[in-house]
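We use all heavy atoms of the structure for the numbers below, so side chains are in, but hydrogens, waters and symmetry mates are not. Note that the structure is predicted; figures quoted are calculated from it, not measured. Numbering starts at 1 and runs along the sequence shown.
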Amino acid sequence: MAGDFDTIVNLAKRRGFVFQASEIYGGLRSAYDYGPLGVELLRNVKEQWWHSTVRMRDDVVGIDSAILQSPEVWVASGHLASFTDPLVECRECNSRHRLDKLDDPNTCPTCGNSGTFTEPREFNLMFKTHMGPIESEDNVVYLRPETAQGIFTNFENVRRTARMKLPFGIAQIGKSFRNEITPGQFVFRTREFEQMEMEYFCHPDDAAEKFKEWTEIRKNWYIDLGMSMENLRFREHEDDELAHYATAGGGTFDVEYRFPWGWDELEGVANRTDYDLKAHIAHSGEDLSYFDPETNERFIPYVIEPAAGATRTTFAFLLDAYFEEEVNGEQRTVLKLDPRLSPIKVAILPLSKKPELVEVTQQVADALRPRWAIEVDVTQSIGRRYRRQDEIGTPFCVTVDFDSLDDAQVTVRDRDTMAQDRIPIDNLVSYLGDRLGF
Ligand code: GAP
């Protein structure tokens, strides 16, 4: 089971995962702030991606490039000329739409009128601003619309300094900005969002094989983190959907999630060919070719790019983990998040606020805190506190009761099975470590 849209948006706001940005001023459309639980969940998603993509491999290194780059980067990459969506406006109600996203290209989904759209106009999605105190055309810079270009422009810096040999990848996580015509569906499509991208450079002859390898690796990442197979779909792009850089014979493979409104993209794996490096060579005059000392061959590498959205994927994990269950005649809501993603790993719940229990609670908290994100909750009945932790996906609750004062043991409750174990406080870290697996 997965949550429906309103339930998850409501939970996200109520429990402090995601807030509307500038809420006290009426909110800024399409901008969101991540609250105490949301920031942990988002960080965990990014951490899992970084761990498997960079840390666990010796052929991928990381980078963190600037959001503001020389405008020449975007001329070379083709974004200033071609990073556009077809915009139509309804003459009747003045609403604006992306033509390629309309179910019916003639009928306005806002007012229902037919034949009222203006001719489509290509609208560039780049966010513009000015660098320095003077607002002139000479000072225009753009917020990056993808993290990828900061990788291409540093290809030679990274290859040389990290002494990388082909095939190798450069990974980056960071914010990107697009002036989307129709942002919406909560954090699914926003104008400011976070991406997790990796450019894998290889010999042109190896590109097809590497493309296959990375589609498998990326599929398995979602499955390994517990996303349910029935809500995942993997799909090759149709030719008319290809991005401007992927039209040169490459291809794109999508990871899609069954969102409440239907199947939609989480990630694209693209064969970008040598499009970007060639473009930067032509535009900058720098030599970004690769020399293979073993074969004495000089060539421009091809690039396989898995590009995922961190914020969008976080939303999908939240939807996917949501379950409502009946237990002993009572309803419980539980986020069955993989423990690696759970914002809080262990909640420590003293049965009462009596000082002697609080003292033991503190000792338990001190023992766990260096290792995991924990929360101490002393309010309300124990049943309510369990339900609060279930609702935010906490895998384990540790209850400190009056017996703990005598036997130095605590009760550990498992989120999914709700089974309870009595564990000596001295063994708690290893008990939880075994079950969490980290
Ligand atoms: N470098 C390639 C690239 O940027 P993309 O398919 O345009 O490819 C990659 O973006 C991923 O970034 C998407 O699959 C999606 O998860 C995320 N993304 C793109 N636009 C977004 C938006 N407006 N809001 C949230 N996430 C977005």
Side-chain angles (χ1 to χ4, degrees), residues 1-23 27-49 101 180 182-196 221-223 225-233 255-267 308-327 330-345 347 373 375 384 386-395 415-416:
M1 185 184 142
D4 67 50
F5 185 77
D6 288 343
T7 308
I8 298 301
V9 172
N10 194 307
L11 173 76
K13 288 181 180 167
R14 186 164 45 79
R15 296 307 312 270
F17 283 90
V18 180
F19 305 119
Q20 178 74 58
S22 313
E23 198 177 75
L28 178 67
R29 187 165 171 237
S30 157
Y32 292 93
D33 300 334
Y34 287 74
L37 295 176
V39 71
E40 292 287 344
L41 177 60
L42 178 60
R43 281 175 77 113
N44 293 340
V45 169
K46 292 186 285 185
E47 182 54 36
Q48 285 306 313
W49 186 90
K101 290 279 172 189
E180 299 279 1
T182 44
Q185 281 126 335
F186 198 43
V187 297
F188 175 81
R189 182 173 286 107
T190 47
R191 293 185 170 124
E192 172 180 349
F193 56 97
E194 237 174 323
Q195 290 186 304
M196 309 184 284
W221 186 78
Y222 295 91
I223 297 166
L225 284 170
M227 210 171 255
S228 48
M229 283 303 290
E230 78 222 39
N231 293 332
L232 275 174
R233 184 168 87 172
V255 177
E256 295 188 337
Y257 184 75
R258 194 207 302 264
F259 283 93
W261 58 89
W263 292 101
D264 226 327
E265 179 187 317
L266 287 181
E267 166 162 3
T311 37
R312 186 178 285 188
T313 299
T314 297
F315 182 31
F317 276 120
L318 207 51
L319 283 160
D320 203 66
Y322 185 92
F323 287 81
E324 282 172 9
E325 293 177 346
E326 203 178 294
V327 182
E330 274 194 60
Q331 191 82 358
R332 80 159 179 161
T333 297
V334 55
L335 284 188
K336 295 192 175 173
L337 286 168
D338 183 287
R340 289 168 291 178
L341 300 181
S342 295
I344 306 290
K345 314 300 184 195
E375 186 173 286
R384 283 181 86 129
Y386 281 154
R387 277 194 290 282
R388 280 229 308 256
Q389 296 300 331
D390 287 345
E391 198 183 41
I392 62 168
T394 306
R415 176 194 72 197
D416 298 334

Taking all heavy atoms of F315 and all of Q185, pick out the closest pair and write down the distance.
-> CE2-O, 3.7 Å
Compare all side-chain heavy atoms of R387 with those of T333 and state whether any distance is below 4.5 angstrom.
-> no
Under a 4.0 Å N-O cut-off, is there an ion pair linking E230 with R258?
-> no
Atom pair OG1/CG of T394 and D390 - distance to nearest 0.5 Å = 8.0 Å
Contact summary for D33 and Q20, nearest pair of heavy atoms = OD2-O, 4.1 Å
Under the side chain to side chain contact (heavy atoms under 4.5 Å, CB included) rule, what do Y34 and V187 come out as? Steps first, then yes or no, please.
-> CA-CA 10 Å; Y34 287 74; V187 297; 3.5 Å; yes
Side-chain (S342) to main-chain (G393) donor-acceptor, under 3.5 angstrom | yes
Is a side-chain N or O of D320 found less than 3.5 angstrom from the main chain of S228, in a donor-acceptor match?
-> yes
Could you tell me the separation between the CZ atom of R233 and the CG atom of D264, rounded to the nearest 0.5 Å?
-> 9.5 Å
Side chain to side chain contact (heavy atoms under 4.5 Å, CB included) between E40 and I344, intermediate numbers included | CA-CA 8 Å; E40 292 287 344; I344 306 290; 5.5 Å; no
Do the non-hydrogen side-chain atoms of L225 and L337 ever get within less than 4.5 Å of each other?
-> no
Locate the shortest heavy-atom distance separating L341 from N44; write the atom from each residue and the value.
-> O-ND2, 3.0 Å
Between E325 and E330, does a side chain to side chain contact (heavy atoms under 4.5 Å, CB included) hold up when you go through it step by step?
-> CA-CA 8 Å; E325 293 177 346; E330 274 194 60; over 6 Å; no
Is there a donor-acceptor contact under 3.5 Å from the side chain of R312 to the main chain of L266?
-> no
Minimal heavy-atom distance between F17 and L335, with the atoms involved, is CZ-CD1, 4.1 Å
Under 6.0 Å between ring centres, would you say that holds for F186 and Y32?
-> yes
Stepwise side chain to side chain contact (heavy atoms under 4.5 Å, CB included) test for N231 and M227 | CA-CA 7 Å; N231 293 332; M227 210 171 255; 5.6 Å; no
Do the ring planes of W261 and F259 sit parallel (below 30°), tilted (30 to 60°) or perpendicular (above 60°)?
-> parallel
Got a second to check how far F193's CZ is from T314's OG1, nearest 0.5 Å?
-> 13.5 Å
Distance from Y257 atom OH to F317 atom CZ, nearest 0.5 Å?
-> 9.5 Å
Any salt bridge between E265 and R189, counting N to O under 4.0 Å?
-> no
Just by modelled atom types, is the E192 backbone N or O under 3.5 Å from a matching donor or acceptor in the T190 side chain?
-> yes
Spatial distance of atom CZ (R332) from atom CZ (R388) [nearest 0.5 Å] = 16.0 Å
Short question: side chain of R415, backbone of P339 - any donor-acceptor pair under 3.5 Å?
-> no
Any donor-acceptor pair under 3.5 Å from S30 side chain to R191 backbone = yes
Worked check of side chain to side chain donor-acceptor pair (under 3.5 Å) between Y222 and E267 | CA-CA 11 Å; Y222 295 91; E267 166 162 3; 2.5 Å; yes
Separation between CH2 (W49) and CD (Q195), nearest 0.5 Å, reads 10.0 Å
Heavy-atom closest pair (F19 atom, K13 atom, distance to 0.1 Å) is CE2-O, 3.7 Å
Taking all non-hydrogen atoms of both residues into account, name the closest pair between Q48 and W221 and its distance.
-> O-NE1, 3.5 Å
Counting N and O atoms only, with roles assigned by atom type, does the side chain of N10 sit under 3.5 Å from a partner on the main chain of D6, one being a donor and the other an acceptor?
-> no
Is there a donor-acceptor contact under 3.5 Å from the side chain of K345 to the main chain of R340?
-> yes
